[in-house]
**Student:** 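Before anything else, here's the structure in question.
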Amino acid sequence: MEVTRPLKAAIAVLSANPLHVLLVYLAVAIVIFSVLLSLYRVTLHPLAKYPGPLRYKLSNWPLIFQCIGGNRHIYHLQDHEKYGPIVRIGPNALSYNTETALNTIYGPQKTNVRKSEWYRTVDGASGAFSVFSEIDKQKHAVRRRFIAHAFSSNALRASEPFISENVIKFCDLLAPSAGSEWSEKRNMSAWTMYLGFDVMGDLAFGKPLNCLGSEEHRNFSRSLINANKYMYWFPFLPGAWLLAPIMNSKLMEYIGGDAVTDNIRLVNYGLESLQSKIAAEKAAKAEGKEIRKDMMHHLLAAQDPKSGLKLSSSELTAESVLFIVAGSDTVATAMAASFFYLTHNPSALEKATAEVRRVFSSIEDIHSGPALDSCAYLQAVMEESLRRTPPKPSHVPREVLPGGIIIDGHHIPAGYVVGVPAYSIHHSEDYYPDPWSFRPERWIVDEKAGISAESVALATRAFCPFSLGIRGCIGKNLAYLEYKLTLAHVLWRYDFRQAPGETLGEGSPDLEEGRKRVDEFQMVDWIGVARDGPMVEFRLAKR
Ligand code: HEM
């Protein structure tokens, strides 16, 4: 009696207003729809047979929270450990942890997938797709041809002196002050980021941002990480791409706060750099001066041979921002990881140092060519650092196209998303015995030490820091050149060690599951990777 009276009163109030009645019907309809959709997703859905946590099967929200938390790579690894090589990570998405799946999805020229809808929002604030975010396969092929000139071997050769100039400046700044044996401690995540930004500014627009030389622009490099975080989770929201045209509006800034402001700052930097590059080229032409053939020069000049089309100004802006984002933070992450693992593995540091000092008799000899190529251990240090700390560690999503695709013997119909997370496959025992050890030796064939050609080939097949195939990283050779030159210069000039008492960058038994290994460099996965440390001291090499 007492229960029904308030209920009756509520019904009376609701029925007095037709809008209230409508809202109640709507709410009931939403509840019924959600229940039916959930039931469908766990029973009759084409991906229902694949294992995974129930919450992933019901909605994308767990994924969004993982992206915000920066722990997505850890979840991928733990899910594969628990559920096996195929895991359903969303209502419509599967994650794989095998080299066969990796090579089927990303490898072949004609693989029947395209980039997923997630990419459509990434360059929203630039007002056009970049080569990275263009999901249409034909349009991407045209765009990739456009930018290929900027990454040709000629362009790479021409960029080396500028890379070396920045690397030498970086090394000079690491030196101990007069009278001290060891330098003050340096946070290598920050310093490699300054170097990464200066190199990309120089190569893309012909002017370094001067993060190495002055405090002024260093905040800018930090804001990239904040902007990345936002661009990571936001596109997973249902219908997010519809908001792409207003990504750099005041409204979005009001809703999204600092991260949106940082993203806008990044786009404005791309736009301003592009405009000053165009002005500089015009002025040089008018004065009959030689024009520096940096990356934007190639893009400004590029023309599709079939259509005769050139890139529009918003497309050029999108590419400018992409060059900075894709080219600076990634290499910096890899370099910081090498400083971490070398300072935590003295025998690897000793071997790499000995090799570099044996191969090069003077610092001027350190440049690309047979001598640098002969540094097999240094190359292996880079591969092993990229294995342990892939700068894009999580699932790289691809959508299956009409006709479907067969992955590891299972047919996946069109419209579903598939992918392989680098961090997870890079720590699989199947490809990397003793995966939590930093062992550059695993990349060098040495039958006597038990490293066969087959085991190196298998490790290479599962190795994917740059992804692979037609959507793989176009900057890979450039990245390796900058990375190798930097490590070779530092190892030649300095001894280095983790600053006594410092632990920055390490895991800890007090942290959550997946972050407990003290000797693992910690990543916060926000498309790229946020990181901190190691704190390193440098001493001039004794000769
Ligand atoms: C260690 C350094 C680097 C790593 C680990 C890396 C990794 C990657 C990965 C995994 C992708 C594919 C991402 C996806 O499909 O979502 C990619 C694409 C790309 N990267 Fe890199 N990258 C590095 C350095 C660079 C550099 C120096 C540049 C130069 C600007 C660059 C430019 C690009 C571009 C333009 C794409 C898009 C390619 C396309 O879709 O056709 N990357 N990179």
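For ligands, and for the atoms within them, numbers begin at 1 and follow the listed sequence. Owing to the predicted nature of the structure, the values given are computational and were not obtained by experimental measurement.
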**Student:** Counting the benzene-type ring for Trp, do F323 and F151 have ring centres under 6.0 Å apart?
**Tutor:**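 F323 vs F151: aromatic centres under 6.0 Å.
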**Student:** Is it the side chain, the backbone, both or neither of E319 that has a heavy atom closer than 4.0 Å to ligand 1?
**Tutor:**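 It is neither; nothing of E319 touches ligand 1.
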**Student:** Using modelled atom types and a 3.5 Å cut-off, is there a donor and acceptor pairing between side-chain atoms of R143 and backbone atoms of E134?
**Tutor:**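 It does not hold such a pair.
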**Student:** Which residue and atom name correspond to the protein heavy atom nearest atom 12 (C) of ligand 1, and how close is it?
**Tutor:**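 Of every protein heavy atom, R471 O, 3.7 Å lies nearest to atom 12 (C) of ligand 1.
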**Student:** Among all protein heavy atoms, pick the one closest to atom 15 (O) of ligand 1 and tell me residue, atom and distance.
**Tutor:**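 Residue, atom and distance for the closest contact: R398 NH2, 2.8 Å.
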**Student:** So which protein heavy atom does atom 19 (C) of ligand 1 come closest to, and at what separation?
**Tutor:**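 Residue, atom and distance for the closest contact: C473 CA, 3.8 Å.
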**Student:** Work out whether the distance between some heavy atom of A204 and some atom of ligand 1 is less than 4.0 Å.
**Tutor:** no
**Student:** What verdict does the side-chain hydrogen bond (donor to acceptor under 3.5 Å, both in side chains) test give for S189 and D532, after you've listed the backbone C-alpha separation in whole Å, the side-chain angles of each residue and the deciding distance to 0.1 Å?
**Tutor:** CA-CA 5 Å; S189 283; D532 209 359; 5.3 Å; no
**Student:** Take the angle between the ring planes of W118 and F236 and call it parallel below 30°, perpendicular above 60°, tilted in between.
**Tutor:**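 Because their plane-to-plane angle lies in the 30° to 60° range, the rings of W118 and F236 count as tilted.
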**Student:** Find out whether the Lys NZ or Arg CZ of R388 is both under 6.0 angstrom from the six-membered ring centre of F521 and within 45° of the ring's axis.
**Tutor:** no
**Student:** Using a 3.5 Å distance criterion without hydrogens, assess whether the side chain of W526 forms a donor-acceptor pair with backbone atoms of C67.
**Tutor:**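 Flag set: sc W526 to bb C67 pair under 3.5 Å.
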**Student:** Just heavy atoms, cut-off under 4.0 Å: does L322 contact ligand 1 by side chain, backbone, both, or neither?
**Tutor:**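 Just the side chain.
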**Student:** Any N or O of R144 that comes nearer than 3.5 Å to an N or O of ligand 1?
**Tutor:**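 Yes, at least one N or O pair falls under 3.5 Å.
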**Student:** R515 and side chain to side chain donor-acceptor pair (under 3.5 Å): which partner among E520, E506, Q522?
**Tutor:** Q522
**Student:** Would you indicate whether K476, at its atom NZ, is surrounded by more than 12 heavy atoms from other residues, nucleotides or ligands within a distance under 6.0 Å?
**Tutor:**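 Counting other residues, nucleotides and ligands, NZ of K476 stays at 12 neighbours or fewer.
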**Student:** Identify, by atom number and element, the atoms of ligand 1 in contact range of S467, meaning under 4.0 Å from any of its heavy atoms.
**Tutor:**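 This gives 10 (C), 12 (C) as the contact atoms.
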**Student:** Would you please determine whether M200 falls within less than 4.0 Å of ligand 1 on a heavy-atom basis?
**Tutor:**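 M200 counts as a contact of ligand 1 under the 4.0 Å cut-off.
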**Student:** How far is atom 24 (C) of ligand 1 from its nearest protein heavy atom, and which residue and atom is that?
**Tutor:**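 In this structure, atom 24 (C) of ligand 1 has T330 OG1, 3.3 Å as its nearest protein heavy atom.
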**Student:** Nearest protein heavy-atom contact for atom 26 (C) of ligand 1: which residue, which atom, what distance?
**Tutor:**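 For atom 26 (C) of ligand 1, the nearest protein heavy atom is G327 CA, 3.5 Å.
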**Student:** I need the atoms of ligand 1 closer than 4.0 Å to a non-hydrogen atom of I474, numbered in the order shown.
**Tutor:** 34 (C), 35 (C)
**Student:** Has the side chain of S130 got a donor or acceptor atom that lies under 3.5 Å from a matching backbone atom of F132?
**Tutor:** yes
**Student:** So is K115 close enough to ligand 1, meaning a heavy atom under 4.0 angstrom away?
**Tutor:**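 The answer is yes, since K115 has a heavy atom less than 4.0 Å from ligand 1.
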**Student:** Please classify the E482 to ligand 1 contact at 4.0 Å (heavy-atom distances, strictly less than): side chain, backbone, both or neither.
**Tutor:** neither
**Student:** Please list all pairs passing the salt bridge (charged side-chain N to carboxylate O under 4.0 Å, His left out) test where one or both residues lie in residues 291-301, with sequence neighbours left out.
**Tutor:** D202-R292, K277-D294
**Student:** Using heavy-atom distances, let me know which of G419, P465, G469 sits nearest atom 7 (C) of ligand 1.
**Tutor:** P465
**Student:** Any idea how H298 and H149 line up, ring-wise: parallel (<30°), tilted (30 to 60°), or perpendicular (>60°)?
**Tutor:**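 H298 and H149: parallel rings.
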**Student:** Please could you name the atoms of ligand 1 that G472 approaches to less than 4.0 Å, counting only its heavy atoms?
**Tutor:** 38 (C)
**Student:** Under the 3.5 angstrom rule, does the side chain of T111 hit a backbone N or O of T104 as a donor-acceptor pair?
**Tutor:** yes
**Student:** For the residue pair Y483 and Y480, does the interplanar ring angle fall in the parallel (under 30°), tilted (30 to 60°) or perpendicular (over 60°) class?
**Tutor:** parallel
**Student:** Could you tell me the residue and atom name of the protein heavy atom closest to atom 32 (C) of ligand 1, and the distance to it rounded to 0.1 Å?
**Tutor:** A326 CB, 3.7 Å
**Student:** Donor-acceptor pair, H73 side chain versus S394 backbone, under 3.5 Å?
**Tutor:**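 No, the answer is negative, given that no donor and acceptor are paired below the 3.5 Å cut-off.
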**Student:** Hey, what's the ring geometry for F340 with H344, parallel, tilted or perpendicular (30° and 60° as the breaks)?
**Tutor:**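 Parallel: the ring planes of F340 and H344 meet at under 30°.
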**Student:** Among all protein heavy atoms, pick the one closest to atom 14 (C) of ligand 1 and tell me residue, atom and distance.
**Tutor:** Y119 OH, 3.4 Å
**Student:** Should the proximity of P391 to ligand 1, defined as any heavy atom under 4.0 Å, be assigned to the side chain, the backbone, both, or neither?
**Tutor:** side chain
**Student:** What do you reckon, does F151 put a non-hydrogen atom under 4.0 Å from ligand 1?
**Tutor:**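 Contact check F151 vs ligand 1: positive.
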**Student:** Check ligand 1 against A479 and write out every atom of the ligand that is under 4.0 Å from a heavy-atom position of the residue.
**Tutor:**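 The atoms of ligand 1 under 4.0 Å from a heavy atom of A479 are 2 (C), 24 (C).
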**Student:** Is the shortest N/O to N/O distance between K392 and ligand 1 below 3.5 Å?
**Tutor:**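 There is no such contact.
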**Student:** Note the single closest protein heavy atom to atom 13 (C) of ligand 1, along with its residue, its atom name and the distance in Å.
**Tutor:**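 Checking every protein heavy atom, the shortest distance to atom 13 (C) of ligand 1 gives F132 CE1, 3.6 Å.
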**Student:** Does H140, backbone or side chain, put an N or O under 3.5 Å from an N or O of ligand 1?
**Tutor:**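 Between H140 and ligand 1 (N or O atoms, distance only) the closest approach is under 3.5 Å.
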**Student:** Tell me whether Y480 reaches ligand 1 (any heavy atom closer than 4.0 angstrom to a ligand atom).
**Tutor:**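 In this structure, Y480 fails to qualify as a contact of ligand 1 - no heavy atom is under 4.0 Å.
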**Student:** Using a 4.0 Å cutoff against the non-hydrogen atoms of V396, which atoms of ligand 1 qualify?
**Tutor:** 14 (C), 15 (O), 16 (O)
